Colleague: 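Provided herewith is a single structure, encoded as structure tokens, for subsequent inquiry.
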Amino acid sequence: MARGDFLGELAWRGMLHQATDGLADHLAGGSRTGYCGFDPTADSLTVGNLVSVMLLARLQRSGHKPVAVVGGATGLIGDPSGKASERTLMDQDRVQHNVKCQKLQMQRLLDFSGPTAASIVNNADWLTPIGFIDMLRDIGKHFSVNQMMARDSVANRLESREQGISYTEFSYMILQAYDFLHLHRAMGCTLQLGGSDQFGNIVSGVDLIRRVASAQAFGATAPLLLKSDGTKFGKSEAGNVWLAADRTTPYRFHQFFLNASDDQVGQLLRWFTFMGQEQIESLEVQQKERPQARPAQKALADAVCDLVHGASETAGAKAVAEALFSGDVRALDATKLKDVVVDLPSSAVSAAQLSGEGLSLIDLLPTTTLAASKREAREFLAAGAVSVNGEKATIETKLKTAHLLHGEVALLKRGKKLWHALRVSV
RNA sequence: GGGCGGAUACUCAAGUGGUCAACGAGGACAGACUGUAAAUCUGUUGGCUUAGCCUUCGGGGGUUCGAAUCCCUCUCCGCCCA
């Protein structure tokens, strides 16, 4: 595979925040191995993790070898760079399971075969056997506490009256630096990638490799991805956006990107797709000309959904969106309806509850995903926020057998885009 | 080990005996406007059998007609001294 200009590519995509000196020359000099860390805290990656995966994917496409390091050991401790609450220990089985699931997701984005085959390793494999004394003697002596305390991640916590920092979390950077050293020795890894908040930890690793192995290593970071209002990217109203279809349905995943703001859609195209510069710029021009058609958001949602879930899932997600947003849900045929229901949160009621007088929405809504309590249900109904099969409901509305589409399902909606399917159980 | 300060709803943060389901801000949600956008305006934001009632102010106990507010105790956190 021809070696591409990895750093140049990151630069035009706006994914390059910082890089250590000499990295460009180093990459130009041969096929290198680079890694990025992941927390195995769940059995699925999130769109937040997708940034890191894309870094590795681009590295690989530039002719280098990507390594994903799963923090089976460090995940137990918690990086003070993030938000700070001590973590609970995960047992080994759980970590193994999570690693397996995450690997499956990465397989869509990384190539695990060929000369630049990607690999996944777990840092518990080398961190667990190390004794505390060995760690202090061989690694700890290379770290200056003065320097460690100057790091932003630590300094913030030292200044904070409420928080403080435990010795355990304080030691996190040493472990991460050791990871880099280990990978350098075991796999010839010379590059670490991460978010900009990781730069301090990455440099620690580079320093350690220079001191202990007398070798040169490098690091590069991507800027933190924020929404235009400055809040963290990757959360929807329903919580985290996961890559796993059973946690975030392809429909919701597709919707998440479709709802990207005009301000941000260009950046997301650069970050999360493999589209070229010209194609993205042309989309941006189209977006400017006809913003109401949202060509950029559509292209983005299709491309990312395609990447993560595959083409057929993407088509399905689009069909569902079509039905829910521009079509009349009552006109759906039975097969289509089934597809729609699969992608929506759903619950069941018994046929008996709907017969005769019917079931009051005030009682029903709290049992669905649309309202948390009867009080809230009343509020939504009074505000005209709820509809049944596309028809506005009121406080008095009762759900009856007649509401069931094809005798099976009623589609409830709260607000503009929150749907819930109500099935009838036999 | 000693001294001091703190813990209030999703978050920050008022409140120091009754008028407190608890000021305010942010966030979130809904309505209008729109492009399934942004901005803006309006409303809601503990629960219920909703002009009323019930449960909340770190945990437990006490004082009082009445406690988020006073006392005791426990837990956790911060600061200072050893």
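First the proteins, then the strands, lettered A, B, ... as listed; each starts at 1. Not measured: the values here are computed from a predicted model. All values below come from the heavy atoms of this structure, side chains included, with hydrogens, waters and symmetry mates left out.
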Colleague: Hey, is A:Arg210 close enough to A:Asp207 for a salt bridge, meaning N to O under 4.0 Å?
Modeller: yes
Colleague: Rounding to the closest angstrom, what is the interatomic distance between B:U49 and B:C54 at atom P?
Modeller: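 After rounding to an integer number of Å, I get 15 Å for this pair.
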Colleague: Separation of A:Gln292 atom CD from B:A37 atom P, in whole Å?
Modeller: 14 Å
Colleague: Of A:Ala260 and A:Arg414, whose nearest nucleotide on RNA chain B comes first from the 5' end?
Modeller: A:Arg414
Colleague: Take atom CZ of A:Arg290 and atom C1' of B:U34, then tell me their distance rounded to the nearest Å.
Modeller: 16 Å
Colleague: Could you grab the distance from atom CG of A:Leu23 to atom CZ of A:Phe6, nearest 0.5 Å is fine?
Modeller: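 Going from the CG atom of A:Leu23 to the CZ atom of A:Phe6 covers 8.0 Å.
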Colleague: Rounding to the closest angstrom, what is the interatomic distance between B:A14 and B:G3 at atom P?
Modeller: 27 Å
Colleague: Separation of A:Asn259 atom CG from B:A37 atom C1', in whole Å?
Modeller: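 My rounded result for the distance is 8 Å.
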Colleague: Identify, between A:Pro291 and A:Gly384, the residue whose nearest nucleotide on RNA chain B lies closer to the 5' end.
Modeller: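 The 5'-side residue here is A:Gly384.
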Colleague: Measuring only the C1' atom in each nucleotide, how far is B:C57 from B:C20? A whole number of Å is fine.
Modeller: 10 Å
Colleague: Rounded to whole angstroms, how far apart are CD on A:Glu379 and P on B:A28?
Modeller: 16 Å
Colleague: Using Watson-Crick or G-U wobble geometry with both distances under 3.5 Å, which nucleotide pairs with B:U55?
Modeller: none
Colleague: Kindly compute the distance separating CG (A:Asp179) from CD (A:Gln192), expressed to the nearest 0.5 Å.
Modeller: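 Between atom CG of A:Asp179 and atom CD of A:Gln192 there are 8.0 Å.
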Colleague: Apply the test side-chain contact (heavy atoms from CB on, under 4.5 Å) to residues A:Val388 and A:Leu361: give CA-CA distance (whole Å), side-chain angles for both, the deciding distance (0.1 Å), then the verdict.
Modeller: CA-CA 10 Å; A:Val388 179; A:Leu361 282 184; 4.1 Å; yes
Colleague: Suppose we define a pair by two distances each less than 3.5 Å, Watson-Crick or G-U wobble; what does B:U16 pair with here?
Modeller: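 With both distances under 3.5 Å required, B:U16 matches none.
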Colleague: When the C1' atoms of B:G2 and B:U16 are considered, how many whole Å apart are they?
Modeller: 28 Å
Colleague: Report the residue from A:Gln105, A:Gln102, A:Arg247 that forms a side-chain hydrogen bond (donor to acceptor under 3.5 Å, both in side chains) with A:Ser44.
Modeller: A:Gln105
Colleague: When the C1' atoms of B:U64 and B:C81 are considered, how many whole Å apart are they?
Modeller: 39 Å
Colleague: Picking from A:Thr367, A:Thr369, A:Thr368, what satisfies side-chain hydrogen bond (donor to acceptor under 3.5 Å, both in side chains) with A:His420?
Modeller: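 So, applying the side-chain hydrogen bond (donor to acceptor under 3.5 Å, both in side chains) to A:His420 and each of A:Thr367, A:Thr369, A:Thr368, only A:Thr369 qualifies.
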Colleague: Just how far, in rounded Å, is P of B:U36 from CD of A:Gln264?
Modeller: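 Spelled out: CD on A:Gln264 to P on B:U36 is 19 Å.
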Colleague: Would you compute the distance between atom CD of A:Gln255 and atom CG of A:Leu258 and round it to the nearest 0.5 angstrom?
Modeller: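 A:Gln255 CD to A:Leu258 CG: 5.5 Å, rounded to 0.5 Å.
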Colleague: Run the numbers on A:Ser204 and A:Gln176 for side-chain hydrogen bond (donor to acceptor under 3.5 Å, both in side chains), then give the verdict.
Modeller: CA-CA 8 Å; A:Ser204 295; A:Gln176 186 168 339; over 6 Å; no
Colleague: Rounding to an integer number of angstrom, what distance separates B:A13 and B:A22 when you compare their C1' atoms?
Modeller: 13 Å
Colleague: What are the residues of residues 293-305 of chain A, sorted by number, that bring a heavy atom to within less than 4.0 Å of RNA chain B?
Modeller: A:Arg294, A:Gln297
Colleague: Taking OP1 and OP2 of B:C29, is either one under 4.0 Å from a side-chain nitrogen or oxygen of A:Lys417?
Modeller: no
Colleague: Using the C1' atom as the point on both nucleotides, what is the distance between B:U63 and B:G78, in whole Å?
Modeller: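 Comparing C1' positions in B:G78 and B:U63 gives a spacing of 30 Å.
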Colleague: Just how far, in rounded Å, is C1' of B:U36 from CD of A:Glu322?
Modeller: 12 Å
Colleague: Pick base, sugar-phosphate or nothing for A:Arg378, based on heavy-atom distances below 4.0 Å to the nucleic acid.
Modeller: base
Colleague: Check the distance between B:G35's P and A:Gln255's CD and give it to me in whole angstrom.
Modeller: 17 Å
Colleague: Could you give the distance separating B:C79 and B:C70 at their P atoms, to the nearest angstrom?
Modeller: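 Here B:C70 and B:C79 have their P atoms 25 Å from each other.
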Colleague: Does the pair A:Arg270/A:Glu284 count as a salt bridge with the N-to-O cut at 4.0 Å?
Modeller: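 Yes, charged N to carboxylate O under 4.0 Å.
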Colleague: Under a 3.5 Å limit for both distances, which nucleotide forms a Watson-Crick or G-U wobble pair with B:G1, could you say?
Modeller: B:C81
Colleague: If you round to the nearest 0.5 Å, how far is CD of A:Gln264 from CG of A:Leu269?
Modeller: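 Here the interatomic distance stands at 10.5 Å.
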Colleague: Would you mind reading off the distance between A:Gln287 atom CD and B:A37 atom P, rounded to a whole angstrom?
Modeller: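 Going from CD in A:Gln287 over to P in B:A37 covers 13 Å.
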Colleague: Quick one: pull up CD in A:Glu313 and OG1 in A:Thr249 and give me the separation to the nearest 0.5 Å.
Modeller: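 Between A:Glu313 CD and A:Thr249 OG1, I get 9.5 Å after rounding to 0.5 Å.
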Colleague: What parts of residues 355-376 of chain A reach RNA chain B, counting only heavy atoms under 4.0 Å away?
Modeller: A:Ser373, A:Lys374, A:Arg375
Colleague: Applying a 3.5 Å limit to both distances, which nucleotide forms a Watson-Crick or G-U wobble pair with B:C41?
Modeller: B:G31
Colleague: Let's test this: given Watson-Crick or G-U wobble pairing with both distances under 3.5 Å, identify the partner of B:A7.
Modeller: B:U75
